[in-house]
Q: 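My structure is below; once you've seen it, I'll send some questions.
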Amino acid sequence: MAGIKDVAAEAGLSVATVSRVLNGHPSVSEDARRRVTEAVERLGYRPNAVARSLRTDQTRTLGLVISDVMNPYFTELARSVEEEARALGYSVIIGNADERPDLQDHHVTTLLDRRIDGLLVSPTDGGSPGMLGAARAGTPVVFVDRWIPGVDVPVVRSDGRAAVRDLVAHLHALGHRRLAIIAGPAATTTGRERVDAFREALAAHGLELPDAYIGQGDFQAGSGRRVTEGFLDLPEPPEVVFAADNLMALGALDAVRARGLRVPDDIGLAAFDDIPWFVHTDPPVTAIAQPVRDLGRAAVRALVDRIEGRPGASVTLPARLVVRRSCGEREPGIRNPPSPVRRSTP
């Protein structure tokens, strides 16, 4: 394998000059830069990233700890993060917490041991020890999608309250009054926020959210199935079930079909977190869509700002209601077009 001395010999330059070119030093002539670039291409030279990181105290690597890699929302988020990081000259190492705080801490510790430059995290709970320690120790950290109240780091997230209000108004206009929710974990900010938004939206229409119509899920399909079965066993089942994420919605759909019932003839279904195959289900599922790709890009930019000494800004992007046919609709469409981004510096 070619080394830097081989590149210097091939280019007819000193090792010091080659090193300056490879490290982007400004005091290098265009001719020297061209000769080094051509020599690198001919020899297939690859710089030693570990050695370079020891010299510069940077690895040009970001860590990303996501809550559940099996959730299509987080899969798309990870892809967006990787694309934006690559465009900015960074690589990404991904850890899957699988909605477990202990596994989240394991990934955080492992990533820090590998000397990453900064960390993107979608917290699984209200603050596991390793996660809190990293955020408070000065490591550049950005929370994405979820956050930990009281921890002073930038947060890049979607605001779904307006979209939830649109959903409830839409269901009310269709004549539905008995509306239930499959909630996410109460330990997560998104789990709590979506239930609160749903309850507030119902109250605006003079409707209540009885305890029997709140089912505790865990952002997994199995919990969506279990909670929906409980709803269907009630003396007066809900007319529409709102699942607080896409996997729980799929579980709810399984439960309805297992009973020999049909959506929306027997019970309606709506979901938070739109996914591509919702348009292919029968019927297509009405859902709240988050701007996932924009969230990933904004999170990387905020983290790189912190790594490079600039103040990182929190970013809030609007979600939107996508109307299809799972709640008894006749005309599908999109409600609540995106509004301007709200930014704040933590």
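Since the model is a prediction, treat every value here as computed from it, not as a measurement.
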Q: Hey, is R34 close enough to E30 for a salt bridge, meaning N to O under 4.0 Å?
A: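 E30 and R34: not salt-bridged.
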Q: With distance as the sole test, does T75 use its side chain to make a donor-acceptor pair with the main-chain N or O of V69 at under 3.5 Å?
A: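 Side chain of T75 to backbone of V69, a donor-acceptor pair under 3.5 Å: yes, one is there.
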Q: Can you name the nearest heavy-atom pair linking E10 to L43, along with the distance?
A: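 Scanning both residues completely, I find the closest heavy atoms to be CB-CD1, 3.9 Å.
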Q: Starting at CD1 of I116, measure out to OG1 of T139 and round the result to the nearest 0.5 Å.
A: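 Atom-to-atom, I116:CD1 and T139:OG1 are 7.5 Å apart.
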Q: I need the minimum non-hydrogen distance between V92 and A85, along with the two atoms involved.
A: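 Taking every non-hydrogen atom into account, CG2-CB, 3.4 Å.
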Q: Show your working on side chain to side chain contact (heavy atoms under 4.5 Å, CB included) between L62 and I307 and close with a plain yes or no.
A: CA-CA 10 Å; L62 309 179; I307 291 169; 3.4 Å; yes
Q: Could you check if a side-chain atom of F219 sits within less than 4.5 angstrom of a side-chain atom of T188, using non-hydrogen atoms only?
A: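 Contact flag for F219/T188 side chains = yes.
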Q: So, do L171 and F242 sit near enough that their side-chain heavy atoms are less than 4.5 Å apart?
A: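 A side-chain contact is absent here, since even the closest heavy-atom pair is not under 4.5 Å.
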Q: Report the distance from atom CG of L253 to atom CG of L261, rounding to the nearest 0.5 Å.
A: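 Rounded to the nearest 0.5 Å, the CG-CG separation comes out at 11.5 Å.
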Q: From the options R100, Q104, R146, select the one residue that forms a side-chain hydrogen bond (donor to acceptor under 3.5 Å, both in side chains) with S67.
A: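 For S67, the side-chain hydrogen bond (donor to acceptor under 3.5 Å, both in side chains) check succeeds only for R146.
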Q: I'd like to know if the side chain of R157 and the backbone of L317 have a donor-acceptor N/O pair within less than 3.5 Å.
A: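 Looks like no, no N/O pair under 3.5 Å.
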Q: Any side chain to side chain donor-acceptor pair (under 3.5 Å) involving residues 283-298? Give me the pairs, sequence neighbours left out, ordered by first then second residue.
A: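 Counting only pairs at least two positions apart or across chains, the side chain to side chain donor-acceptor pair (under 3.5 Å) contacts touching residues 283-298 are E83-R293, S158-Q290, D273-Q290, T286-E329, D294-R297.
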Q: Specify the closest pair of heavy atoms between D305 and P311, including all atoms of both residues, with the distance to one decimal.
A: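 So the minimum-distance heavy-atom pair works out to CB-O, 4.1 Å.
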Q: With S326, which residues qualify under side chain to side chain donor-acceptor pair (under 3.5 Å), at least two apart?
A: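 Not a single residue meets the side chain to side chain donor-acceptor pair (under 3.5 Å) criterion with S326.
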Q: Determine whether F198 and L179 make a side-chain contact, defined as any pair of heavy atoms from C-beta on separated by less than 4.5 Å.
A: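 Yes, side chains in contact.
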Q: Distance-only criterion, 3.5 Å: show the donor-acceptor pairs between side-chain atoms of residues 207-217 and protein atoms not counting sequence neighbours.
A:
from: Y213; atom 1: OH; to: E236; atom 2: O; distance (Å): 2.6
from: Q216; atom 1: NE2; to: G184; atom 2: O; distance (Å): 2.7

Q: Around atom CZ of R310, are there more than 12 heavy atoms of other residues, nucleotides or ligands at under 6.0 Å?
A: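 Result for CZ/R310: enclosed.
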Q: Between D233 and R259, does at least one N-O distance fall below 4.0 Å, as a salt bridge requires?
A: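 Answer for the salt bridge query: yes.
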Q: Answer whether the closest heavy-atom distance between the side chains of Y90 and V300 falls below 4.5 Å.
A: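 Answer no - side chains too far apart.
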Q: For P264 and R325, which heavy atoms make the closest approach, and how far apart are they?
A: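 Taking every non-hydrogen atom into account, CG-O, 3.6 Å.
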Q: Quick check: closest heavy atoms across S80 and G296, and the distance to 0.1 Å?
A: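 Smallest heavy-atom distance, with atoms named: OG-CA, 3.6 Å.
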Q: Measuring from D218:CG to D68:CG, what's the distance to the nearest 0.5 Å?
A: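 The CG atom of D68 is 9.5 Å from CG of D218, to the nearest 0.5 Å.
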Q: State, yes or no, whether a side-chain contact exists between V227 and M248 at a heavy-atom distance under 4.5 Å.
A: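 Not in contact.
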Q: Please lay out, stage by stage, how T316 and D159 fare under the test side chain to side chain donor-acceptor pair (under 3.5 Å).
A: CA-CA 6 Å; T316 301; D159 183 358; over 6 Å; no
Q: So with a 6.0 Å cut-off around CZ of R114, is the heavy-atom count from everything else above 12?
A: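 Check fails, neighbour count at 12 or below.
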Q: Indicate yes or no: does D31 engage R35 in a salt bridge with an N to O separation below 4.0 Å.
A: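 Result for this pair is yes, salt bridge flagged.
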Q: Going by heavy atoms in the side chains, are I94 and V81 under 4.5 Å from each other?
A: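 A side-chain contact under 4.5 Å is absent here.
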Q: Please check: side-chain N/O of H176 versus main-chain N/O of C327, any donor-acceptor pairing under 3.5 Å?
A: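 Yes, the answer is positive, given that a donor and an acceptor are paired below the 3.5 Å cut-off.
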Q: Can you list everything that forms a ring pair (Phe, Tyr, Trp, His ring centres under 6.0 Å) with F272? Sequence neighbours excluded, please.
A: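 Partners of F272 under the ring pair (Phe, Tyr, Trp, His ring centres under 6.0 Å) test: none.
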Q: For E229, what residues pass the side chain to side chain donor-acceptor pair (under 3.5 Å) criterion, not counting sequence neighbours?
A: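 E229: no side chain to side chain donor-acceptor pair (under 3.5 Å) contacts found.
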Q: For H106, enumerate each residue passing the ring pair (Phe, Tyr, Trp, His ring centres under 6.0 Å) test, keeping only those at least two apart in sequence or located in another chain.
A: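 H106 satisfies ring pair (Phe, Tyr, Trp, His ring centres under 6.0 Å) with no other residue.
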Q: CD1 of I148 to OG1 of T189: how many Å apart, nearest 0.5 Å?
A: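 That separation rounds to 8.5 Å.
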